[in-house]
Amino acid sequence: MRKLLWKPSEEYIKATNMNSFINYVNEKFSLKICDYKSLYKWSVNFPKDFWGTLWHYLDIKCSKTYSTVVDDLSKFPGANWFVGAKLNYAENILRFSSSSAPAIIFRGESKIRKEISHEELYGQVVRLADALRKDGIKPGDTIAAYMPNMAETVIAMLACSAVGAIWCSCATDIGSQAAIDRLGQVKPSILFTTDGYFYKGKCFDVLKNAKQIVGGIKSIKRVVISHYAGDSSKISEVPNNVCWENYLSESIPQDFQFEQLPSEHPLVVMFSSGTTGKPKCMVQSAAGLLLNQLKELVLQNDLKSCDRMLYITTCSWMMWNWQAAALGAGASIVLYDGNPSYPDTSAIWKILEEEKATIFGLSASYVHALMAQHFSPKKVVSLSALRAISQTGSALSEEGFDYIYREIKEDLHFNSIAGGTDINGCFSSGNPISPVYSGELQGPGLGMKINCYNQNGEPVRDEQGELVCEIPAPPMPIKFWNDPDNKRYMDAYFGVYPGIWRHGDYVMIHSDTGGISYYGRSDSILKPSGVRIGTAEIYNQVQKIPQINDSLAIGQNYKGDQRIILFVQTKEGIELDEELKKQIKTILRKNASPRHVPAIIMSTPDIPRTLNMKKVESAVTNIINGRKVTNREALANPESLDYFEQVLPQLSK
């Protein structure tokens, strides 16, 4: 049994949205569900009842309700959800338009603070949507953004949805070629961008990259540019430009109608990381995302209209879309753009205090960085308003779980979640009515029938295996862009287990608690002497050593077997000497197993990461095994790969 870290009181449970939903289900179906485990079991055993009930519980606004919740669950992929319904995503997200409470609070590092009410947000979205229609935008057209995490980005996304266009976005911290590789595939007719952004107190120009993007994507006929941090006098250098303020309709059209579209109408195109080739374009539906996002926010995160949510994210990451959906629950979102640790580690924590944020979203890598700095937020700021922390991005160590409760706050719901861009949501999630145990996500998300399969494709408990999903769910992609025969879609998820979604995560489901532990991506699993080892098992031990900043473990094919090579990034001024190598081997042998001990330990100046700051084992694995890296531009720090190419001859002996 893992360590119990938090248990909600009976009073706390009674006040949750989850408890309200359980009562709603019990009354509707004459059931006696009393806890999350039994609610989850009902949700996957009776998926039509669950998703249909959720639609009504969340009071989805639609001009025409569905005739059938799902046409055929045996079609996997291919099941159609909420057949016959007509609705609009933005209309549902903007349902609190009469409220004068803050909808968006924007913080651009220490430079800018801007606040927009729900009422003002509705007005700006409708004015922009009206302008898009006047510009000839029709349902099914694509609109792209190359933007920071700011209010105008959310407004543009909702306006795009309001007229039935398809949205896709990239953050301004990625290079122009990486943006072209993504956005260019869907041929957007309009690009939203800005003149600049702040990072670590410095102003970075965006217009140069924007000009290159327009040059590389011939379909773009209009570039709408908002002012943030750059030199607005240079806007004229971007072809087909118009200022944000000049583009919006002068007034709110009183007769504005949100485009009513079938539930399966495309809402967004999400991009894969693109570290092993050109990014895949996953098309996700309006109703599918709306239902699932609100399910996760309202039920799994217990989001209420009085909440203020801040997630450290960019609009290149699905957590940006997820956070924006919180507006549909009447909550406020605090958009932070910039470095969360500028001018010092306490920066983002001071903003949480100032804005009275109640829910804070962060990544495992950020938690581990805080631990490495021995930073204790509760000693620096008052977090009396904070009641929940949501964590995702990669596997968090047990020590990371302990750190949350020891150094941040003892009494809060730590909601560790995992899913991905593929579903714009979670397969595994937290819930506010169950205990939190160290090193475990609390369990599967409602309606997501997940399992853990061993190498023989058999369901297992208390041993590591592949995360799979056994039945369809609404947020799964309706298709891949430019994939007419569905081949890339099938290869991505259904190539290993026909009719079963293989997600690519290496997990363990615990039979005693029902919790789920994550051990890294299954395509990065190490196999020395045929024994499967999750890279997170190594990282969780190595990060305990104070001299080490980060590490990367890969498998090298060597003399008919595979050996583990561990690249270590030490803290400034620390040398990877024989004593430190011995310390690494000892902690792995003692706390993991002798098989976890690397054959080679080497120093590295940097760790390659995706644009969402996840470690990229695959690119380094390709290099060390003599294979070509096909898309360096997909990395946040592509220059980091130079080192591994330099040491390849040394490792090939």
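Sequential numbering from 1 along the given sequence is applied to the chain's residues.
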Sequence neighbours left out, cut at 3.5 Å: what donor-acceptor pairs do the side chains of residues 322-336 make with other protein atoms?
from	atom 1	to	atom 2	distance (Å)
Trp322	NE1	Glu296	OE1	2.8
Gln323	OE1	Tyr311	N	2.8
Ser332	OG	Pro102	O	2.5
Tyr336	OH	Asn339	O	2.7

Side-chain donor-acceptor pairs of residues 356-364 under 3.5 Å, sequence neighbours excluded:
from	atom 1	to	atom 2	distance (Å)
Thr358	OG1	Asp307	OD1	2.7
Thr358	OG1	Arg308	N	3.0
Thr358	OG1	Arg308	O	3.2
Ser363	OG	Ser365	OG	3.1
Ser363	OG	Tyr366	N	3.2

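For residues 114-140, no residue pair satisfies the ring-ring contact (aromatic ring centres under 6.0 Å, His included) rule, not counting sequence neighbours. Residues in residues 150-176 take part in these salt bridge (Lys or Arg N to Asp or Glu O under 4.0 Å) pairs, two or more places apart or across chains: Lys114-Glu152. The salt bridge (Lys or Arg N to Asp or Glu O under 4.0 Å) analysis of residues 255-272, with sequence neighbours excluded, yields the pairs Arg133-Glu259. Applying the ring-ring contact (aromatic ring centres under 6.0 Å, His included) test to pairs two or more places apart or on separate chains, none has a residue in residues 135-162.
Residues passing the ring pair (Phe, Tyr, Trp, His ring centres under 6.0 Å) test with Phe106 are Tyr228, sequence neighbours excluded. Listed by chain and number, the residues in a ring pair (Phe, Tyr, Trp, His ring centres under 6.0 Å) with Phe258 are Phe256 (sequence neighbours excluded). Applying the side chain to side chain donor-acceptor pair (under 3.5 Å) rule to Trp320 yields the partners Asn149; only residues at least two apart in sequence or on another chain are considered. Here Thr345 pairs with Gln373 under the side chain to side chain donor-acceptor pair (under 3.5 Å) rule; sequence neighbours left out. Listed by chain and residue number, Phe644 satisfy the ring pair (Phe, Tyr, Trp, His ring centres under 6.0 Å) test with Phe567 (two or more places apart in sequence, or in another chain). Shown here are the side chain to side chain donor-acceptor pair (under 3.5 Å) partners of Glu353, two or more places apart in sequence or in another chain: there are none.
Few gaps surround NZ on Lys221; more than 12 heavy atoms of other groups in view lie less than 6.0 Å from it.
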